[in-house]
2 protein chains.
Amino acid sequence: MLRKSICTVLVLIASTALVLSVNAQQHPNLILTQEGVKKIRDNLGSVPLFDQTVNKVKQEIDAEIASGIHTPIPKDFSGGYTHFRHKRNFIVAQQAGVLYQILQDDKYAEYVRDILFQYEAMYKNLPLHPQERSYARGKLFWQCLNDSNWLVYMSQAYDTIYDFLSDAERSTLENNLFRPFADFISLENPAFYNRVHNHSTWGNAAVSMIGLVMNDEALIQRALFGIEDDGLKVGGIDNDGGTIKVKDQKRGFLANLEEPFSPDGYYTEGPYYRRYAMYPFLIFALGMHNAKPELKVMEHKDGVLLKAVDALLNLSDADGEFFPLNDGQKGMSYYTPSMVTSVNVAYHYGEQDPQLLSIAAVQNKVLLDQSGLSVAMALREGKASPFMKSSVNLSDGPNGDQGGVAILRQGNEDLTMVLKYAAQGLSHGHYDKLSFSLYEKGEEIIQDYGLVRFVNIGQKGGGNYLKENTTWAKSTIAHSTLSQNQQLHFEGDYKTGSKHASQLHFYDDTRDDIHIVSATEVNAYPGTKMYRTMALINNKDFEKPFLLDIMKVTSETSNNYDFPYHYMGQIIDMNFEYETSSTLAPMGDKNGYQHLYTEAKGAAAADTTQFSWLNAGKYYTLSSATNTSDEVLLTRLGANDPNFNLRRDPAIVLRRNNSDNTVFALIIEPHGSYSPVTELSLNSSSNIKSISVVYDDDSYTGV
Amino acid sequence: MLRKSICTVLVLIASTALVLSVNAQQHPNLILTQEGVKKIRDNLGSVPLFDQTVNKVKQEIDAEIASGIHTPIPKDFSGGYTHFRHKRNFIVAQQAGVLYQILQDDKYAEYVRDILFQYEAMYKNLPLHPQERSYARGKLFWQCLNDSNWLVYMSQAYDTIYDFLSDAERSTLENNLFRPFADFISLENPAFYNRVHNHSTWGNAAVSMIGLVMNDEALIQRALFGIEDDGLKVGGIDNDGGTIKVKDQKRGFLANLEEPFSPDGYYTEGPYYRRYAMYPFLIFALGMHNAKPELKVMEHKDGVLLKAVDALLNLSDADGEFFPLNDGQKGMSYYTPSMVTSVNVAYHYGEQDPQLLSIAAVQNKVLLDQSGLSVAMALREGKASPFMKSSVNLSDGPNGDQGGVAILRQGNEDLTMVLKYAAQGLSHGHYDKLSFSLYEKGEEIIQDYGLVRFVNIGQKGGGNYLKENTTWAKSTIAHSTLSQNQQLHFEGDYKTGSKHASQLHFYDDTRDDIHIVSATEVNAYPGTKMYRTMALINNKDFEKPFLLDIMKVTSETSNNYDFPYHYMGQIIDMNFEYETSSTLAPMGDKNGYQHLYTEAKGAAAADTTQFSWLNAGKYYTLSSATNTSDEVLLTRLGANDPNFNLRRDPAIVLRRNNSDNTVFALIIEPHGSYSPVTELSLNSSSNIKSISVVYDDDSYTGV
């Protein structure tokens with residue numbers, strides 16, 4: 001099916017060459033269009049959110065113009081000055097170009113021109129960036145990825161002042177700057193450019209966009225389909241441990257659109273990377289839509305690009321923060337600029353879903369193009385309706401058959417449970433099959449740790465992934481799922497993990513009172529099968545919805561099982577005996593255990609083990625069916641962390657040794673509240689007396 | 001002076017007995033007055049914030065009436081059901097009484113009557129509360145303190161329905177409930193009632209208020225002047241370690257007004273307790289003002305009660321949260337109900353300061369009495385102006401000569417430094433002479449730990465002070481001040497500590513660019529003198545204001561000094577070598593050190609030791625003049641904490657061994673920002689290259 005669609009595209013390209021060259025003579029033609037600019041100018045001053053955004057951008061750009069143009073010799077990692085400055089330059093140039101089109105004030109065009117020529121003067125003789133850590137070093141930045149960012153934005157800037165420049169100026173820029181730049185990030189860096197990876201998406205988008213502005217068919221082809229013969233051998237490892245070239249390597253933008261997106265619009269690397277890659281995907285598609293509408297890139301794979309916007313908005317908590325699955329940095333949210341692009345484009349080029357407008361309203365800014373104008377005009381006309389997030393099950397894998405992510409929600413995001421039963425997630429994946437996280441509104445109750453990286457903070461390893469990202473964040477015990485014999489899922493082997501995905505058993509959100517998902521994992525520990533069933537239950541005898549969690553394990557061998565819950569908050573109460581020690585030692589020496597201290601160790605209660613905590617003014621109780629041979633460990637992160645890269649977060653671990661088949665059955669129950677202002681403590685005790693497994697065979701488990 | 005004012009009061013009382021009895025026949029006459037109620041009724045429906053509060057309270061009370069009256073047999077500590085229910089009852093009864101007066105609907109009066117008679121039926125045969133922990137057990141609650149709360153509110157409730165009841169009903173209530181209740185908390189519990197302590201203030205207020213409603217002169221006298229012969233021996237210890245009876249014990253409400261308040265309105269126990277005691281002080285004063293205006297209780301000690309409201313509002317961060325000096329629970333703020341009382345009363349009975357209105361506006365509710373009406377009407381008329389907090393120095397001690405608390409502020413609370421050089425602070429005091437805390441807006445940068453107690457959370461020791469409050473929170477090392485030889489200030493002896501206060505050296509906030517305070521402590525460690533000078537400096541070469549901290553120590557002996565900074569946040573960078581160990585052991589075995597783990601230990605840099613961290617999206621760098629014989633320790637709280645009562649908070653400790661005279665000179669510099677949404681890291685490095693002590697003699701230290 002993939003093969004077929006590529007053939008169709010090729011035919012279309014051949015038959016539309018003439019149309020292309022005509023389109024290409026009009027500028028802007030990439031993101032802004034001549035028609036769009038006209039409409040914007042006609043409406044200027046009468047669309048509040050659009051005008052407000054124009055004024056804000058104008059203030060910023062005027063201040064930049066006043067401060068002069070700075071193109072320092074590249075030197076720093078992300079987090080350092082030269083990195084920051086060059087990044088700022090391309091954003092500023094793109095925005096100044098837009099202002100030129102909207103306000104028709106030549107000073108903005110002159111400013112963009114001067115920036116571009118300053119780069120033209122520098123780039124000709126620029127060596128590789130002096131920082132040598134990247135598998136694909138850039139010139140302006142330490143990695144080609146950031147150089148590609150630069151070109152994606154500068155292409156737009158160039159497009160906006162194309163007609164302002166003389167033929168000679170354009171010729172100089174194209175020959176000395178843009179073409180060499182595009183060749184450098186593609187032909188000279190195929191390891192970066194020729195993969196299915198978010199890096200390559202940026203590379204493809206960069207080459208495509210400058211190709212569209214310059215009407216360079218060769219570059220456009222290279223963007224869509226990659227480099228035919230890249231000379232790379234199969235194998236190779238990038239900085240994140242991802243394989244650079246696999247057998248039958250797919251490449252080019254369309255492959256990047258095919259492969260990582262499921263038909264539901266889930267992006268296999270996870271929402272944090274989806275948010276990052278959103279911009280090049282959409283901006284590429286938009287450029288193609290405007291310059292080559294007949295290719296229908298926007299509609300490719302049943303409109304997956306716009307579906308992905310909706311999927312991504314659903315992959316956020318009540319505060320709009322994305323679930324930090326895989327290597328996700330916490331705090332990233334739909335307030336980030338690329339999500340303004342996503343929401344505006346999805347509204348304008350999609351089906352004008354009024355729910356998107358309510359997101360645009362809280363973002364409180366719009367794109368300065370025809371899509372942003374659409375959104376701002378619709379908001380002015382009061383068309384917005386609330387964005388309702390309900391339970392949703394998103395398949396993973398190009399064909400939707402590599403597991404997925406289920407998000408159960410009760411109430412108005414009062415309780416949200418995220419079960420990850422997906423594929424490995426490329427090089428940013430973690431070894432956490434059937435792990436989950438839990439939120440009450442925007443507060444994490446059971447956390448996914450996310451990544452160990454301080455993005456753009458130079459003092460922290462140049463802002464790059466830190467060692468503990470591998471030794472802790474990717475480990476199985478770092479997640480709320482089953483660890484067997486203190487081993488990693490798939491023994492932590494990326495290739496093995498990449499071969500398998502968990503599978504959906506069933507999913508049902510049709511009943512109001514019970515939303516339920518069940519998934520299985522049979523490859524993480526060969527010979528052991530895990531079946532996890534999770535339900536959010538709304539029961540009239542309970543103050544709030546609660547989570548029922550049943551992990552059924554069957555194994556051919558006898559094992560030691562650890563079942564951790566990475567809760568957030570302050571311990572309030574427990575019903576089991578435990579001991580603490582005044583010195584702390586790590587729990588193990590590898591697989592993440594080396595980072596955990598045992599703060600307390602006890603024997604589980606005979607029937608139901610209960611553990612309560614307080615977080616952000618709300619109480620929670622975990623009630624687990626246990627017997628006295630079960631152990632309970634209270635742990636604290638932070639051992640073997642010489643650079644203080646890890647948070648000192650707690651967990652409770654249920655430990656069941658020497659078992660083959662077993663069932664963990666638990667309830668996590670939010671209840672009550674505490675206010676430090678009124679000092680009222682309400683309903684601080686669990687409503688659950690006992691939980692036990694009353695029936696268990698091959699087909700049914702009763703709790 | 002105190003003696004004299006009491007005499008004056010006595011004379012006044014004698015000469016106004018007739019007037020009193022006339023006033024006493026009109027009800028309500030305590031907080032609400034007949035005139036006030038008339039004005040409220042006249043304005044009902046035309047004062048938005050007042051009407052909104054009435055509607056909100058009406059909804060609450062109607063729901064309570066629908067749920068019936070519940071007076072369970074007393075059983076629980078705070079945090080348990082019976083505690084909660086009886087507390088709720090007195091609040092509900094007081095509010096229902098107010099609604100009766102305002103809305104003139106008999107159902108509210110009947111409801112209050114039925115509640116009171118249910119208590120009347122129960123109280124006659126009620127034994128002491130079964131929980132035996134308190135030094136002064138109550139009957140409805142585990143301590144007389146809460147029983148007094150009950151009577152303060154129920155007196156108001158009774159006042160509002162006084163005229164609704166028959167003579168016989170009043171007689172039954174007074175003889176079986178109110179008089180025995182008042183006698184129990186006073187005559188039968190002199191250890192509780194006859195002190196200078198916030199407990200006694202509640203007791204005095206309770207007795208006074210029921211006395212005013214019943215026009216019982218004996219009770220009013222007992223409230224104003226205490227019990228003449230209480231039969232107690234000097235000595236005795238309450239639950240918090242406070243002495244029950246001292247030599248020449250002062251007693252009664254007026255003594256409680258004299259003793260703990262400084263002329264500046266600072267309350268020696270600290271803002272958290274001031275906020276708690278605010279209600280009985282004001283409500284007592286108000287009752288006296290309305291029933292016995294000629295006593296001028298409100299104007300007592302140069303109007304200290306209303307001054308104290310202003311002082312208390314100044315003892316809060318930019319979010320309105322009180323500095324947790326001494327045993328303060330974090331999160332308590334001017335949004336708490338007693339502060340609504342304070343602000344409303346201070347506005348109406350004080351000088352109608354329009355700045356108070358802006359606090360009332362964010363509180364978003366008012367008292368349902370004449371003062372609340374005043375505030376709501378003034379807000380309706382747009383009279384509010386912003387409450388401006390600037391630097392302020394508040395003296396401690398009845399005569400203002402027992403040290404104090406200085407609050408330095410730069411910008412619009414951009415940086416706030418709180419230096420505590422006060423008296424011991426009665427039984428809630430900590431051993432932390434010359435300690436400080438630092439805030440950027442409402443975020444803690446250098447924290448005061450506050451207390452170890454989970455107020456009203458039954459599972460945590462009945463909501464009472466926990467063992468770690470003494471072993472950690474009160475300790476010297478728990479605070480950012482000098483620890484000598486790992487000992488507590490005053491050897492942790494309450495009596496010794498209570499004899500001494502630190503002394504102000506100088507204070508100056510007249511220059512815009514430098515606000516500075518200097519104070520000395522010569523008794524905490526006999527033979528050792530500490531001079532701490534702290535300045536908030538606004539310098540054009542710095543992005544933000546910064547803190548300069550100079551602690552000069554002179555001693556007759558050679559000592560080991562620890563100088564900790566209890567910073568909040570994530571470590572970003574350090575410029576010194578250190579070692580970490582994979583196991584953690586406590587730093588010591590007593591005086592708070594037993595609760596600290598050493599996470600890292602290093603030798604200070606030769607010249608300037610720097611340490612950076614990130615908190616809530618802002619960077620901070622501590623730069624300290626050091627030499628290589630200094631040690632630096634990074635610590636983590638949580639050792640020897642078997643019940644998980646302590647937070648796992650970090651600190652950095654500068655250690656200088658075998659020194660007599662020395663100077664610690666440091667700068668804490670806020671800089672830059674980080675956003676997880678834009679991932680922009682700005683100005684993440686310190687602007688300071690070096691700090692050193694360039695001159696030091698008896699008179700001057702140069703940095």
Side-chain angles (χ1 to χ4, degrees), chain A residues 78-79 84 87-88 321 329-337 454-460 463 570-574 578-580 582-586 589 594 597 599-600 612 614 617 619 634 636 638-645 647-650 674-682 684-685, chain B residues 78-79 84 87-88 321 329-337 454-460 463 570-574 578-580 582-586 589 594 597 599-600 612 614 617 619 634 636 638-645 647-650 674-682 684-685:
Chain A
S78 56
F84 164 78
K87 182 173 173 180
R88 182 85 185 130
E321 296 188 9
Q329 174 158 284
K330 291 188 180 180
M332 179 55 71
S333 74
Y334 59 49
Y335 293 91
T336 200
F454 298 79
V455 181
N456 289 329
I457 299 182
Q459 293 101 320
K460 285 287 193 189
Q570 163 71 47
I571 294 176
I572 292 296
D573 201 16
M574 299 167 257
Y578 62 89
E579 288 184 352
T580 57
S582 65
T583 59
L584 299 184
D589 58 4
Q594 73 276 26
Y597 287 117
E599 288 198 320
S612 299
L614 176 65
Y619 292 102
L634 301 178
R636 180 76 48 184
N640 291 299
D641 178 26
N643 297 315
F644 293 88
N645 292 331
R647 300 189 297 269
R648 267 47 181 167
D649 292 342
Y674 186 77
S675 160
V677 174
T678 62
E679 294 187 339
L680 270 181
S681 172
L682 299 174
S684 69
S685 297
Chain B
S78 57
F84 163 78
K87 181 172 175 182
R88 181 84 186 131
E321 295 186 11
Q329 174 158 282
K330 291 189 180 179
M332 181 53 72
S333 74
Y334 58 50
Y335 292 91
T336 200
F454 297 79
V455 182
N456 288 331
I457 299 183
Q459 294 100 322
K460 284 288 193 189
Q570 162 70 46
I571 295 177
I572 293 296
D573 202 15
M574 299 166 256
Y578 62 90
E579 287 185 353
T580 58
S582 65
T583 58
L584 298 184
D589 59 4
Q594 73 276 26
Y597 287 116
E599 288 198 320
S612 299
L614 176 66
Y619 292 101
L634 302 178
R636 178 78 46 183
N640 292 301
D641 179 26
N643 297 315
F644 293 88
N645 292 332
R647 299 188 298 269
R648 267 50 182 166
D649 291 342
Y674 185 76
S675 160
V677 174
T678 63
E679 295 188 339
L680 270 180
S681 171
L682 299 175
S684 69
S685 297

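Only a predicted model underlies this, so the values are computations on that prediction, with no experimental measurement involved. In the text below, chain A, chain B and the rest are named by the order of the sequence lines, each starting its count at 1.
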**Request:** Select one option (side chain, backbone, both, neither) describing which atoms of A:Y334 are under 4.5 Å from chain B's heavy atoms.
**Result:** neither
**Request:** Side chain from CB out, backbone as N, CA, C, O: work out which of these in A:F84 comes under 4.5 Å of a heavy atom of chain B, or both, or neither.
**Result:** side chain
**Prompt:** Out of A:R647, A:Q570, A:E599, which residue meets the side-chain contact (heavy atoms from CB on, under 4.5 Å) rule with B:R648?
**Reply:** A:E599
**Complete:** Separation between OH (B:Y674) and CD1 (A:I457), nearest 0.5 Å, reads 5.0 Å
**Request:** For the residue pair B:Q459 and A:S612, confirm or rule out a side-chain donor-acceptor distance under 3.5 Å.
**Result:** no
**Options A:L682, A:L584, A:L634, ranked by heavy-atom pairs under 4.5 Å with chain B, top entry** = A:L584
**Item:** Approximate separation, where rounding is to 0.5 Å, of B:T678 OG1 and A:Y335 OH
**Value:** 14.5 Å
**Request:** Among the options B:T580, B:V455, B:T336, pick out the one with the most heavy-atom pairs lying under 4.5 Å from chain A.
**Result:** B:V455
**Request:** Give, for atom CD1 of A:I572 and atom CG of B:N643, the distance between the pair rounded to the nearest 0.5 Å.
**Result:** 11.5 Å
**Asked** Any idea which heavy atoms bring B:A639 and A:S582 closest together, and the distance?
**Response** CB-O, 4.5 Å
**Request:** Check whether A:R88 gets within reach of chain B through its side chain, its backbone, both or neither, counting any heavy atom under 4.5 Å.
**Result:** neither
**Interatomic spacing from OH in A:Y597 to OH in B:Y597 - rounded to 0.5 Å** = 9.0 Å
**Asked** Which one of B:D573, B:L614, B:N645 has the most heavy-atom pairs closer than 4.5 Å to chain A?
**Response** B:D573
**Prompt:** Taking every heavy-atom pair that is under 4.5 Å apart, which of B:D641, B:V677, B:N640, B:T583 has the most such pairs with chain A?
**Reply:** B:V677
**Segment of B:S685 engaging chain A (4.5 angstrom heavy-atom cut-off)** = both
**Item:** Donor-acceptor contact below 3.5 Å, side chain B:N456 vs main chain A:E679
**Value:** yes
